[in-house]
Amino acid sequence: MTATATSTGIREDILRLKKERNAVILAHNYQIPEIQDIADYVGDSLGLAFRAQETDANVIAFCGVHFMAETAKIVNPEKTVILPDADAGCSLEQSCSAEDLKAFLDENKEKNYYVITYINSSAAVKALSDVICTSGNAVKIVEAAPKDRPILFAPDQNLGAWVSQQTGRDMDFWNGSCYIHVEFTRESIQRIKDEYPDAAVVAHPECTTAVRLLADEVCSTEKMVDFCRNTDAQNIIVVTEAGMLHRIQKEVPEKNLIAGPTDRCACAECRFMKMNTLEKLYNCLRDLSPSVTLDQEFREAAKKPIMRMLELSK
Ligand code: 13P
Ligand code: SF4
């Protein structure tokens with residue numbers, strides 16, 4: 001950290017550097033409030049992928065986790081894509097390596113799987129996939145899949161189970177999950193519901209089936225904002241990573257938001273998303289590092305299923 005970065009004017013320093021670099025700051029809904037408040041755009045994985053594709057800035061400063069910055073580089077390879085902390089990973093990404101996926105597909109060649117992969121995955125895994133999806137478009141992507149091929153849905157078994165139920169399409173699932181969303185339990189959510197009997201419940205599809213069954217709405221983080229705006233309920237229990245409450249509260253200040261508790265904590269925080277700080281954002285804009293680099297051949301292979309997703313999502 002530099003003397004400048006520790007000063008109270010870090011916000012101004014970031015904005016100055018952003019201008020000098022002709023950079024755009026994109027931030028996921030789970031980022032700390034200070035980062036959300038300085039970003040040019042705050043959204044879910046799908047919205048961020050579209051923004052990354054469309055921007056004419058020279059530099060994309062991506063405040064989220066690594067696979068999101070990697071996706072931005074894949075869809076916009078001419079740009080410099082930097083991220084505050086290159087170690088900000090994702091338990092879903094870690095649950096499915098390219099080696100394991102390739103071995104599984106090789107072992108099951110006769111099945112001729114149509115591979116639908118959640119965007120929470122590495123570029124190497126994306127390169128082995130037919131199409132990518134996010135929680136915001138998974139239903140649409142599954143509905144558009146060929147009817148004459150079995151689907152392998154990777155790596156989130158909970159999102160997969162939810163989409164299967166929404167679309168009526170049978171699928172095989174990879175055995176992955178988000179370490180944060182599986183912390184919510186039927187009991188932890190029922191307890192808070194008992195405390196606020198009139199509250200609406202909105203949950204992310206990465207939650208387990210038992211938790212989703214208690215929800216009035218199951219949707220991506222972006223759609224949660226609309227749900228909270230449009231519901232008649234005054235109290236809303238938000239069952240996802242706690243950073244989401246800041247985004248919703250800014251846009252829907254008249255509602256009372258209650259963080260979904262786990263059995264251990266009053267709310268759930270993703271340790272990867274929380275690795276980013278204003279200081280690290282300042283440093284990456286100053287140094288243009290860490291940045292995302294990808295081998296061209298590999299990048300092009302990963303780009304195809306992402307572009308298919310973006311086309312299907314318009
Ligand atoms: P969204 O695409 O709904 O923002 O979800 C991303 C994520 O990582 C959820 O844990
Ligand atoms: Fe990955 Fe879960 Fe964190 Fe989302 S909340 S980035 S799925 S570990």
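In each ligand, atom 1 is the first atom listed, and ligand 1 is the first ligand listed.
Heavy-atom neighbours of D170 CG from other residues, nucleotides or ligands within 6.0 Å: at or below the threshold of 12. Shown here is D194, whose CG atom has more than 12 heavy atoms of other residues, nucleotides or ligands within 6.0 Å. Within a 6.0 Å radius of CD in E54, other residues, nucleotides and ligands contribute more than 12 heavy atoms.
Distances from atom 3 (Fe) of ligand 2 under 2.8 Å pick out these protein N/O/S atoms: C270 SG.
Of all the atoms in ligand 1, the ones that sit under 4.0 Å from a non-hydrogen atom of S220 are 3 (O). Listed by number with element, the atoms of ligand 1 under 4.0 Å from a non-hydrogen atom of Y30 are 7 (C), 9 (C), 10 (O). Ligand-side atoms of ligand 1 in range of N120: 7 (C), 8 (O), range being under 4.0 angstrom from any heavy atom.
At a cut-off of 3.5 Å, with distance as the only test, no side-chain donor of N283 or E279 sits close to an acceptor on the other residue. A donor-acceptor contact closer than 3.5 angstrom links the side chains of N137 and S313. Using modelled atom types, one finds no donor on one side chain facing an acceptor on the other under 3.5 Å when comparing S177 with N158. T117 and S129 form a side-chain donor-acceptor contact under 3.5 Å, judged by distance and modelled atom types alone. A donor-acceptor contact closer than 3.5 angstrom is absent between the side chains of H246 and N29.
For a threshold of 3.5 Å applied to N or O pairs, the pair formed by S135 and ligand 1 contains at least one separation below that value. Close N/O approach between N29 and ligand 1 is not found [any backbone or side-chain N/O within under 3.5 Å]. At a 3.5 angstrom cut-off on N or O pairs, H28 counts as close to ligand 1.
At a 4.0 Å heavy-atom cut-off, ligand 1 touches D44 through backbone and side chain alike. Contacts between E93 and ligand 2, counted as non-hydrogen atom pairs separated by less than 4.0 Å, are absent for every part of the residue. Residue-level proximity to ligand 1 for E222 is absent, since no heavy atom of it falls below 4.0 angstrom. Only side-chain heavy atoms of H181 come within less than 4.0 Å of ligand 1; its backbone N, CA, C and O stay farther off.
Counting only heavy atoms of the protein, atom 6 (C) of ligand 1 lies nearest to S45 OG, 3.5 Å. Nearest protein heavy-atom neighbour of atom 5 (O) of ligand 1: H204 NE2, 3.3 Å. From the protein, the heavy atom lying nearest to atom 10 (O) of ligand 1 is E206 OE1, 2.8 Å.
Judged by the 6.0 Å distance and 45° axis criteria, R271 is positioned over the aromatic ring of Y179.
Using cut-offs of 30° and 60° on the angle between ring planes, the pair F153 and F173 is perpendicular.
Panel note: side chain K79, backbone K73; no donor-acceptor pair is recorded below 3.5 Å. With hydrogens and angles ignored, the 3.5 Å screen pairs no side-chain donor or acceptor of N108 with any backbone N or O of K111.
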